[in-house]
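Everything below concerns the one structure shown next.
For the single chain, residues carry numbers from 1 onward in sequence order.
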Amino acid sequence: MAHHYASKTYLYSFFVLLFLILAGCKNEATLGTSLNESILSEPQIEHDLEEIKADGKLSVITIYNSTGYFIYRGKPMGFEYELVERLAKSLDLELEIKVAKDIDQLFNMLNRGEGDLIAYGLSITEARKKVIAFTNPLYLTHQVLVQRKPSNWRKLPGYKVKQQLIEDLNSTHKRNF
C-alpha cells in the first residue's frame with residue numbers, strides 16, 4: 001500500500017513540475033508583445049535637461065558591442081560613446097555609462113530613471129514610438145536579402161525562378177526552411 005501511495009506522489013509531482021515548465025514557456029505569438037508589456041509595466045520616470053544639469057551628470061544607457069560602445073585597452077570607445085561624450089562635454093556634464101544586457105533592459109532602465117538617455121542604434125517602430133521619444137536618426141539602413149538562385153535556374157522559366165525565391169521578408173513564415 002505504501003508503494004502505491006509513493007508512486008501516486010511521484011506521478012503528481014511530475015505533472016506539477018511539467019505544468020510549471022510549460023507555464024513558463026512563451027510561444028511565438030507572445031514574444032512580439034513582451035517588449036511593449038515589459039516597457040509599460042515599468043514605472044515611467046521623467047528627467048528633463050534642467051534636472052540633469054542640476055545633477056551635473058549625464059547618465060547614458062547602452063549595450064556593450066563592437067561598434068557602439070566597448071572598452072579597448074582600458075579606454076571606452078565606440079560610435080555612440082563618442083557622440084554622448086561630446087554631448088556631455090558640450091553641456092559641461094560628467095558622463096556616466098550604464099550597460100544593459102539587451103534592448104528590453106535598455107527601455108526598462110530608462111523608464112526606472114537609471115539613465116537619462118539611450119545611446120544605441122535602435123530601429124524606430126510604431127510600438128517603440130508610443131513609449132519613448134526618438135531623436136532625428138543619425139544613419140539609415142535598409143534590409144537586404146541575399147539568397148542563392150535555384151541550382152537549375154538557367155533552365156527554368158523566369159516565373160518558376162521567381163516562385164522559388166523569397167521576395168517579401170514578411171511572408172517567410174509561410175515557407176518551411
Which residues satisfy the side chain to side chain donor-acceptor pair (under 3.5 Å) test with [X], sequence neighbours excluded?
X	answer
Ser66	none
Lys129	Glu126
Lys57	Glu96

| remark: Sorted by chain and number, sequence neighbours left out, ring pair (Phe, Tyr, Trp, His ring centres under 6.0 Å) with Phe70 holds for none
Applying salt bridge (charged side-chain N to carboxylate O under 4.0 Å, His left out) as the test, list every pair that has at least one member in [range]; sequence neighbours left out.
range	result
residues 140-155	none
residues 132-143	none
residues 133-144	none

Quick one: list whatever passes side-chain contact (heavy atoms from CB on, under 4.5 Å) with [X], sequence neighbours left out.
X	answer
Leu83	Phe79, Leu138
Ser151	none
Gln147	Leu145, Leu165, Ile166

| remark: Glu114 meets the salt bridge (Lys or Arg N to Asp or Glu O under 4.0 Å) criterion, sequence neighbours left out, with Arg112
| Can you list every ring-ring contact (aromatic ring centres under 6.0 Å, His included) pair that touches residues 147-168, not counting sequence neighbours? | none
| said: Do Leu117 and Leu87 make a side-chain contact, defined as non-hydrogen atoms from C-beta onward lying under 4.5 Å apart? | reply: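 Leu117 reaches Leu87 side chain to side chain.
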| request: Determine whether Arg128 and Leu122 make a side-chain contact, defined as any pair of heavy atoms from C-beta on separated by less than 4.5 Å. | output: yes
| field | Parallel, tilted or perpendicular: rings of Tyr64 and Tyr69 (30°, 60°) | value | perpendicular
